[in-house]
Number of protein chains: 2
Amino acid sequence: MTACKHEHEHKTPEQLLATARQVCDEQGRRFTKLREHVFNLIARSTGPVKAYDLLDQLRPEFGSPKPPTVYRALDFLSGLGLIHRVEALNAYIACDHSQGRHIAEFFICETCENLEERSANDHIDCVPDGFDIRRSVIEHYGICKNCAA
Amino acid sequence: MTACKHEHEHKTPEQLLATARQVCDEQGRRFTKLREHVFNLIARSTGPVKAYDLLDQLRPEFGSPKPPTVYRALDFLSGLGLIHRVEALNAYIACDHSQGRHIAEFFICETCENLEERSANDHIDCVPDGFDIRRSVIEHYGICKNCAA
DNA sequence: CTAAAATATAGTACACTATAACACTATACT
DNA sequence: AGTATAGTGTTATAGTGTACTATATTTTAG
C-alpha cells in the first residue's frame, strides 16, 4: 500500500462540462438541456449525489420530474463514462478522468464525505483462470487526512 | 493482471457452519436458531442471496418474519465477518476465508451468477496521502471460464 | 436466588431506491 | 412531408432498508 503524494488535479465544473459535451458529440448523442442540467448538478456537487436529491434539485425549473427522468439521464451519462455510480452509497459522481474509459477507484471519507477518484492499476493478482473482467467496482472507505485529527 | 491457477478450495456448508459457530463463540456472542438458520441459507446457496429471498425462505418455520428480523441477522453475521455484502448486487454471501478478517475481493460471472471470493492483496498504489482505509469494496463483474463458450 | 444490565427478538410503519409500461414529443434523414 | 429513432413525461409498482417501540431472554453481580 503506497501513499500517493503526486498531484492529482481536480477539474472545475466548467472543464467537466466541456469534456462531457465533447464526448457526447463524438458519440453522436444529444447533450440535451435535461442531461446537461443533471450533469451540472453532479459536477458542481462537493460529493457523491443521490438520485432523489437530483430529482428535488430539478424542481421547479424542469417541472415535477419523476424518478425515471433522472434515472434515464444517469444511465445516459454513465453509459458515456461521464459519471460513475458509487455502489455502496447509491450515489453518483462526475468522472474526473474523462479522457477515455478507465477503472475507477474511489477513496471516500466517512467523516467529511469527500471522495477522491483514482484510476485503478489493473494489477489484480489472483483472477480466476479464464475470467474475463468487464467491469470493476473498487471503493475504499475510511478517514481522510483532514479528518484524522 | 495475473491469472491465478492455484487451487482455492471451497468450504462445504458444514465447514462454514462450524467456523461460524466457533467465531461466534470466541467473541462471546450467541449463535441463535435464527442466526444459524439465516447463515445456513446463505452458506448453502450457490450464489449471493438477497435479503428478501431470505425473508421468504424463513417462512413458515420462523413465522412471518419482517425485514428488520433478517437485516438484524445479516448485520450480526457481517459484523463477525462471517458473511459479506456484495454491494453492486444488494446481496450476501458466506465468507470462504473465515479464519481472520481480510479484504474480500469478488469475481462475479454475469452469466451464471457464480461468485469466487479471494483475499485482496493490499497493493493499492495510489492511496491519497494520509487516508486511513477502514473498509474496501472490490467487486469484478465479467464472464467466467465456463460461460465463455 | 434475584434484580439489574445487557442481549436478542417482534412488529409497525415508513423512507429510500429503482424499473416497467405506455403515451407523447422532438430531431434527423431521405 | 413522412418515417424512423431518440428523448421525455407519467402512472404505477417493485425492491431495498431503517427508525422506533415494545417485549422477551440471557448473563452478571450482589
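All values below come from the heavy atoms of this structure, side chains included, with hydrogens, waters and symmetry mates left out. Just so it is clear: chains get the letters A, B, ... in the order the sequence lines come, proteins before strands, and each one is counted from 1. Note that the coordinates shown come from a computational prediction; the quantities given were computed from them, not determined experimentally.
Taking atom CG on L80(A) and atom C1' on dG7(D), their separation rounds to 15 Å, with Å as the unit. Nucleotide dT7(C) holds its P atom 18 Å from the CG atom of L34(B), rounded to whole Å. Taking atom CD of Q27(B) as the reference point, atom C1' of dA8(C) lies 17 Å away to the nearest angstrom. dA8(C) atom P lies 12 Å from atom CG of L77(B), rounded to whole Å. The CG atom of L54(B) sits 14 Å away from the C1' atom of dG17(D) (whole-angstrom rounding). Rounding to whole angstrom units, CG of residue L74(A) and P of dG7(D) are separated by 15 Å. Residue E36(B) contributes atom CD, which lies 15 Å from atom P of dA8(C) at whole-angstrom precision. A straight line from NZ of K33(A) to P of dG9(D) spans 14 Å, rounded to a whole angstrom.
Note on E14(A) versus R44(A): salt bridge recorded, some NZ/NE/NH1/NH2 to OD/OE distance being below 4.0 Å. At a threshold of 4.0 Å, the pair E36(B)-R30(B) does not count as salt-bridged, since none of the basic side-chain nitrogens sits closer than that to a carboxylate oxygen.
A donor-acceptor contact under 3.5 Å is formed by the side chain of R72(B) with the base of dA10(C).
Here the closest heavy-atom approach between residue P48(A) and residue L89(A) is recorded as CG-CD1, 4.0 Å.
Between H84(A) and H97(A), the gap from one ring centroid to the other reaches at least 6.0 Å.
Between K66(A) and R30(B), the one whose closest nucleotide on DNA chain D sits nearer the 5' end is K66(A). Nearest-nucleotide mapping onto DNA chain D: of F76(A) and S64(A), the residue sitting toward the 5' end is F76(A).
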Reading 5' to 3' through nucleotides 14-20 of chain C, protein heavy-atom contacts under 4.0 Å coded B for base, S for sugar-phosphate only, - for none: ---BBBB

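Within 4.0 Å of T69(A), counting heavy atoms only, lies at least one base atom of the nucleic acid.
When the side chains of ILVMFWY residues are joined at heavy-atom separations under 4.5 Å, either directly or via intervening members, L115(B) and V49(B) end up in two distinct hydrophobic clusters.
Ring pair H140(B)/F107(B) is parallel by interplanar angle, where below 30° counts as parallel and above 60° as perpendicular.
Side chain of E139(A) to main chain of E87(A): a donor-acceptor pair is present (N/O by atom type, distance under 3.5 Å, no hydrogens or angles).
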